[in-house]
Amino acid sequence: MNFTKRTVTCGALTAADVGKTVILNGWVHRDRNHGALHFINLRDRYGITQVVVDDSASEELQKAAAALKMEYCIAVTGVVRKRPDNMINKDMATGEIEVQAQKIEILSKCETLPFMIDEETTANEDLRLKYRFLDLRSGGMQKRIRLRHEFIKAIRDFLCDKDFYEIETPTLIRSTPEGARDFLVPSRKYAGKFYALPQSPQLYKQLLMVSGFDKYFQIARCYRDEDARGDRQLEFTQLDLEMSFVQRDDVLSLMEELFGYVFKRTMNYELPAHFRRIDYFDAMNTYGCDKPDLRFECEIKDLAPIVEKSTFEAYKQILADKGFVKAVVAPATEGFDMTRKYLDSLAEAAKVYGASFVPFIKVGENHALSGSAAKYFTGLEEELCSYLGAKNGDVILMVAHNNWKKCCASAGALRSKLGKDLGLIKPGFAFCWIVDFPLFEYNEEEGHWEAAHHMFSMPQAKFIDTLEQNPGEVRGDLYDMVVNGYECASGSIRIHDVELQKRIFRICNFTDEEAEKKFGFLLNAFKYGPPPHGGIAPGIDRMVMIMSEQSSIKEAIAFPKNSFAVSPMDDCPNDVDQKQLEELHLAIKYPK
RNA sequence: GGGAUCUUGGUGAAGCUGGUUAUCACGCCACCCUGUCACGGUGGAGGCCACGGGUUCGAGCCCCGUAGAUCUCGCCA
C-alpha cells in the first residue's frame, strides 16, 4: 500500500529542527478549529506534535483539515516552525515548535469512540477491556506498557551481565498434584491423556541445575486456574530464576542488587542497599500479615498482659482458653473524626478475618478513657496508654480470637484500613524480606500435613533430623520479597537429596509409590550428582503495577482477563466445534 | 460457593423523605471564530433510568427476583 511514510515521530521535533520539511504519521488526538486557523494535536507512541493549518493554506488543504475527526489515522507533510515566544507550551516536549501543514492525507477513519482517549480512561473496566485496543492508546496505558518493557529489558541486561543464561522451558507439561488447580490441555494423539500448563517452571529449573546451568533465568508465563483478584490474574508473568552452589543470602543479595539497578534505571529511584528481613512470626504479630506494608507504622501490640489485669471477662476467657488479644492504636488525625459509623466499618473489616467484635477505647486528656471497653480498664488507664503509646485523641481498637492466625489477621485488617483511611501511608517503595516460614501447615479438611510453600523447599538444618516428630514446628529456608504490602517474589533453597525429598513427600501424605509415579523424574535426576541450589521468582505484572502506583494488576497487562476470567474483547473462553471435541476424544457434561 | 458495593443518552456523573417536562460535563451533528493547546461561542440530536415482577393514585427512587460488573473471603505449592 502506498502512503506518505513518516520521516520523524511525534515526539522528536525541537527548536533545532526549525525549517525542516517533515512527514508525521499518527492519530488526531485533539482538534481545535478556529475557522481560518486550525490546530491539530497529532499523537503517536513517542509524543504529541501540534500541526497548524492557517489561512495561507490552499482551499484543498483547509478542507482536508476540516474533515478530520478524533482518532483518524493521518499523514501530515509540513515545515517545522518555531512558535511565537508567548505561544510556547512548556508542558509539551515539542512545545517550542509546530508543523505548518502542506498536505494532509487520511490513512484511515475512526468511528465515534466508545470513550475518550485521555491520560487515564474513566469508562468502566468492562468497556475498557472490550475496547482494549483503544484503551491502550491512553497516555497512562502507554506509559505502563513502556515501563513493563523497560523493566524486563533492565532485568535481562543485569542478569546477562552476571553470566545468567536465559533458557526456555516447556509450556505443555505433566500435571502435578498439590498447589493451584492446573489448566489442562487435552491430547489428540493419546485419548484421555492431558498436558498441563505450568503453574511455574519449578521442576524444570531444578533439572537445569542438575544439568549444570548454574545460573538460569526466564521471563516465564505461568498459569493457575484460580479465581482472580486485584493483584492476581489466571495467566501471569514471572522472572523465574535459579542458581547452584548458593545459600539463602546469595539469593537475597542478588535480588537486592537487581531491584536496586532496575529501579534506578527505569524510575531513577534509589532503593536501600539491603532490605529489612523480618521473621514470619514477627511479621504476623506486628503487622497482622506475611506481606506487611512498611510505608507506615501503626504496629499491632499483644494486649494480653493488660487484659489479664482488667475486668474484661469476655477477653480474659479467651486468654484462659489459650487464645490471643491484640490491639491497634488509631492515631489522632487532623480532620478525621473517629465516628461511630467509621468504627463500625473498622469492625466489619476485622470480622472478615474472624474477629467477632471490635471493642474500642477513646483516649482523652490525662488518659481519661471512654468508649465501649473503657469501663473494663478502670485503674489501668495510665498503664494501658503507656503500654500502647496511646495519646490524647487516639483510639485503641482490640481484637481477640482463639486462633492465633485469625487474631493476627483481624488486627492486620484494622491496621491496613487505618493506613489507607487516615492517610498514614508515605509515598515511595518499601521493600522487605519475610523469612523463615513454616515448611508445613496442617490441612484440616484433608487431615494431613502439606507444604506451605511447595514440597521442594529445604527445611532449616536444625529441623532435618526430627522433621517427622512435629512438622508444624519445622521452618524452611523460605523467603518472600514484599513491596508496599504485596508479595512480589517467593523463593527458597531447594532440596537436592533424594532421601530428604522422599521424607517430605511422606509427611505430605504421598506414599513412596505415588511420589515415584508423580515425581519420579525429579527423584531420578537427584541420583546423578545434583548441586545444592535455590532460587526465587518475582512477579513481573505485580511489580509493574506497584511501580506505576496502580491497585489493579490489569493496569500492567496489555490484554488481561476480567474478574470472572473472561476477555470481553474476544469473548474468551468460547465454544468450540463438535469436530474439535471429537478429535480430542472429549464430551461435554454441562452442569445443571 | 459466600459477602459488600454498583448498573441513569456514546462516556462519566447528579437526581433529597416517591410527585408531573430526568439534570450537568465530555463526546456527537450543524453553524460562527486568526494563536489555541482539556480552545471558545450559538443551536441541535441522542434515554422504555440493566431486565422481570410487586407496592402505590403515582416508581430512576421503596420491596422481591434475575443478569452483568467491581472489590473481597474461601482458593491462590
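Letters A, B, ... mirror the listed sequences (proteins, then strands); counts begin at 1.
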Strictly distance-based, threshold 3.5 Å: is any side-chain N or O of A:S410 a donor or acceptor partner for the main-chain N or O of A:A355? yes
Residues A:R232, A:E226: salt bridge by 4.0 Å N-O rule: no
Spell out yes or no: do the side chain of A:N89 and the base of B:C37 have one donor N/O and one acceptor N/O closer than 3.5 Å? yes
If you find the nucleotide of RNA chain B closest to A:T112 and the one closest to A:Q50, which residue's nucleotide is nearer the 5' end? A:T112
Are A:L239 and A:M543 packed together at the side-chain level, in the sense that at least one heavy-atom pair is separated by less than 4.5 angstrom? no
Could you pull out the protein-nucleic contacts involving nucleotides 12-14 of chain B (nitrogen or oxygen on both sides, under 3.5 Å)?
| residue | atom | partner | partner atom | Å |
| --- | --- | --- | --- | --- |
| B:G12 | OP1 | A:N124 | N | 2.9 |

Touch check for A:E441, heavy atoms < 4.0 angstrom, all strands: base, sugar-phosphate only, or nothing? nothing
What about A:R232, does its side chain sit under 3.5 Å from the base of B:C76 through a donor-acceptor pair? yes
Have a look at A:K554 and say if it touches a base, only the backbone sugar-phosphate, or nothing, with a 4.0 Å heavy-atom cut-off. sugar-phosphate
Suppose we screen for ring-ring contact (aromatic ring centres under 6.0 Å, His included). Which residues come up paired with A:F194, at least two apart in sequence or across chains? none
Using 4.0 Å as the upper bound for N to carboxylate O, is an ion pair formed by A:D126 and A:K130? no
Assign A:R81 to base, sugar-phosphate, or nothing according to its heavy-atom contacts below 4.0 angstrom with the strands shown. base
On the nucleotide B:C73, are OP1 or OP2 found under 4.0 Å from the side-chain N or O atoms that A:R229 carries? yes
What's A:M455 touching, base or sugar-phosphate or nothing? Going by heavy atoms closer than 4.0 Å. nothing
Please give, in whole Å, the distance from B:G1 C1' to A:E226 CD? 13 Å
Kindly say whether A:Y342 contributes a backbone atom to a donor-acceptor pair with the side chain of A:S345 at under 3.5 angstrom? yes
Between B:U36 and A:R32, is there an OP1 or OP2 to side-chain N/O distance shorter than 4.0 Å? no
A:K69 side-chain N/O to B:C29 phosphate OP1/OP2 under 4.0 Å: yes
Give A:N562 one of three labels, base, sugar-phosphate or nothing, depending on what nucleic acid heavy atoms sit under 4.0 Å from its own. sugar-phosphate
